[in-house]
Undergrad: 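Just dropping this structure here.
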Amino acid sequence: MNDFVSLWSYLSATPLLWLTTTIVAYLIAESLAARLGNPPWANPVLVSVLLLSPVLVFTNTDYGTYFEGAQFIHFLLGPATVALALPLWDNRATIQKSVIPILCALVAGSTVAAGSTIILAQFFDLPMSVLLSLAPKSTTAPVALGISEAIGGIPTLTAVLVILTGIIGAITVTPLMNILAITDWQARGFAVGVAAHGIGTARAFKVNPIAGAYAGIAMALNALLTSLIVPILLKWLT
């Protein structure tokens, strides 16, 4: 028993432990989703959280210790954000033909996502720090964290809210679009890209490649627009 405790004390102090644990949890979640036929509710990110949370609680591991190991994955969010330019470039011909509808949908979606969040936070009388952390929740994590820090929010809280937003969007988008009888893959993909950023985009690619491409386009454009409109909405609505 003492040997096990000594081994765990050594491993828990090694950043590689939590990096490996995170990767293993995601691989298990991805494999499970594939075996089940990739239903919306078996989202790999959600399953990974459900797998990792009990481990962290059982081992009494705080967030700082965990993040020290998983920060390499966080670092990769930067290059992943830059890579969002690829779907924009690959679909440039189609985008040029639909500039007006795309811009209208983008402005409406980004404004409603941020504006409704601010209004609801005020309605429920949430602390200003929480409101500021909530405002950029519908954009991709690296951009949301940057916005949150710049406007005085709590980046770690924003990270949690971004993930929750993405998971909820990825789970509900397909059933919701089916209920609304929206069959255009471009519209379906663009909507989920604006509302549920990277997690929703990953789901869109599994459903249809065209939806995935347009979700990537929406995610990239929404990241840019949200960084511009959130400070304006905060001044106007608060």
Undergrad: Which heavy atom of Thr165 sits nearest to which heavy atom of Ala195, and what is that distance?
TA: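 In this case the closest contact between Thr165 and Ala195 is CG2-O, 3.4 Å.
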Undergrad: I need the Ser148 OG to Leu157 CG distance, nearest 0.5 Å.
TA: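 Those atoms lie 7.5 Å apart.
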Undergrad: Shared ILVMFWY cluster between Ile217 and Val207, side chains joined below 4.5 angstrom?
TA: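 The answer is yes; both residues are in one hydrophobic cluster.
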Undergrad: Any side-chain heavy atom of Thr158 sitting closer than 4.5 Å to one from Pro136?
TA: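 SC-SC contact between Thr158 and Pro136 confirmed.
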Undergrad: What's the shortest heavy-atom distance between Gly169 and Val192, and which atoms?
TA: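 The answer is O-CG2, 4.5 Å.
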Undergrad: What are the two closest heavy atoms between Gly153 and Pro155, and how far apart are they?
TA: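 Scanning both residues completely, I find the closest heavy atoms to be O-CD, 3.4 Å.
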Undergrad: Hey, what do you get for CD1 (Ile147) to OG1 (Thr226), rounding to the nearest 0.5 Å?
TA: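 Separation between the atoms: 6.0 Å.
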Undergrad: Output all residues satisfying side chain to side chain contact (heavy atoms under 4.5 Å, CB included) with Ser53, sequence neighbours left out; order by chain, then residue number.
TA: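 By the side chain to side chain contact (heavy atoms under 4.5 Å, CB included) rule, Ser53 matches Val49.
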Undergrad: Would you mind listing every side-chain hydrogen bond (donor to acceptor under 3.5 Å, both in side chains) that reaches into residues 181-195, with sequence neighbours excluded?
TA: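 Pairs touching residues 181-195 that pass the test: Asn178-Arg188.
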Undergrad: Would you compute the distance between atom CD1 of Ile210 and atom CZ of Phe205 and round it to the nearest 0.5 angstrom?
TA: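 Answer for the CD1-CZ pair, Ile210 versus Phe205, is 11.0 Å.
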Undergrad: Flag yes if Ile118 and Leu164 sit in one hydrophobic cluster, no otherwise; membership is Ile, Leu, Val, Met, Phe, Trp, Tyr, and two members link when side-chain heavy atoms are under 4.5 Å apart.
TA: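 Hydrophobic grouping puts Ile118 apart from Leu164.
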Undergrad: For the residue pair Phe190 and Leu106, establish whether any side-chain heavy-atom pair is separated by less than 4.5 Å.
TA: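 When only atoms from C-beta onward are counted, Leu106 and Phe190 do touch, with a gap below 4.5 Å.
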Undergrad: Heavy atoms only: give me the nearest Val143-Ala223 pair and the separation to one decimal.
TA: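 Heavy atoms only, the tightest pair is CG1-O, 3.6 Å.
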Undergrad: Could you check if a side-chain atom of Thr21 sits within less than 4.5 angstrom of a side-chain atom of Tyr66, using non-hydrogen atoms only?
TA: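 The answer is no, as the side chains (C-beta and beyond) never meet within the 4.5 Å cut-off.
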Undergrad: Starting from Leu228, can I reach Leu233 by hopping between I/L/V/M/F/W/Y residues whose side chains sit under 4.5 Å apart?
TA: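 In one cluster: no.
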Undergrad: Please report the interatomic distance OG1(Thr172) to CZ(Arg203), rounded to the nearest 0.5 Å.
TA: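 So the OG1 of Thr172 and the CZ of Arg203 are separated by 10.5 Å.
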Undergrad: Could you give the distance from CD1 (Ile171) to CG (Leu46), rounded to the nearest 0.5 Å?
TA: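 Spacing of CD1 (Ile171) from CG (Leu46) equals 5.0 Å.
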Undergrad: From Leu27 CG over to Ser48 OG, what is the distance, rounded to the nearest 0.5 angstrom?
TA: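 It is 8.5 Å, given to the nearest 0.5 Å.
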Undergrad: Less than 4.5 Å apart, side chain to side chain, heavy atoms only: is that true for Ile23 and Leu19?
TA: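 They are in side-chain contact.
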Undergrad: Between Lys137 and Ala113, what is the shortest heavy-atom contact and its length?
TA: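 Heavy-atom minimum between the residues: NZ-O, 4.3 Å.
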Undergrad: Sort out for me which residue in Ile168, Thr140, Val45 forms a side-chain contact (heavy atoms from CB on, under 4.5 Å) with Ile199.
TA: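 For Ile199, the side-chain contact (heavy atoms from CB on, under 4.5 Å) check succeeds only for Val45.
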Undergrad: List in chain and number order the residues that pass side chain to side chain contact (heavy atoms under 4.5 Å, CB included) with Val24, two or more places apart in sequence or in another chain; answer none if no residue qualifies.
TA: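 Side chain to side chain contact (heavy atoms under 4.5 Å, CB included) list for Val24, sorted by chain: Thr20, Ile28.
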Undergrad: Could you walk me through whether Ile167 and Ile163 pass the side chain to side chain contact (heavy atoms under 4.5 Å, CB included) check?
TA: CA-CA 6 Å; Ile167 290 174; Ile163 293 172; 3.7 Å; yes
Undergrad: Hydrophobic clustering (ILVMFWY, side-chain heavy atoms < 4.5 Å, transitive) - are Val230 and Ile232 grouped together?
TA: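 No, no single cluster joins them.
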Undergrad: Using side-chain heavy atoms (C-beta onward) and a distance below 4.5 Å, is Leu32 in contact with Val47?
TA: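 A side-chain contact exists here, since the closest heavy-atom pair is under 4.5 Å.
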Undergrad: Measure the shortest side-chain to side-chain distance between Asn222 and His197 over non-hydrogen atoms and say whether it is less than 4.5 angstrom.
TA: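 Of all side-chain heavy-atom pairs linking His197 with Asn222, none is under 4.5 Å.
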Undergrad: State plainly whether one hydrophobic cluster holds both Leu224 and Ile102, where clusters connect Ile, Leu, Val, Met, Phe, Trp and Tyr through side-chain heavy atoms under 4.5 angstrom apart.
TA: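 Unlinked, Leu224 and Ile102 end up in two clusters.
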Undergrad: Please set out all donor-acceptor pairs under 3.5 angstrom arising from side-chain atoms of residues 121-134, sequence neighbours excluded.
TA:
residue: Gln122; atom: NE2; partner: Leu237; partner atom: O; Å: 2.9
residue: Ser133; atom: OG; partner: Ser129; partner atom: O; Å: 2.7
residue: Ser133; atom: OG; partner: Ile154; partner atom: N; Å: 2.7

Undergrad: Taking all non-hydrogen atoms of both residues into account, name the closest pair between Gly200 and Ala170 and its distance.
TA: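 Looking at all heavy atoms of both residues, the shortest contact is CA-CB, 4.1 Å.
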Undergrad: How would you list all residue pairs meeting salt bridge (charged side-chain N to carboxylate O under 4.0 Å, His left out) that involve residues 30-59, not counting sequence neighbours?
TA: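 The answer is Glu30-Lys206.
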Undergrad: Glu149: which residues meet the salt bridge (charged side-chain N to carboxylate O under 4.0 Å, His left out) condition with it, sequence neighbours left out?
TA: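 In terms of salt bridge (charged side-chain N to carboxylate O under 4.0 Å, His left out), with neighbours along the sequence ignored, Glu149 is linked to no residue.
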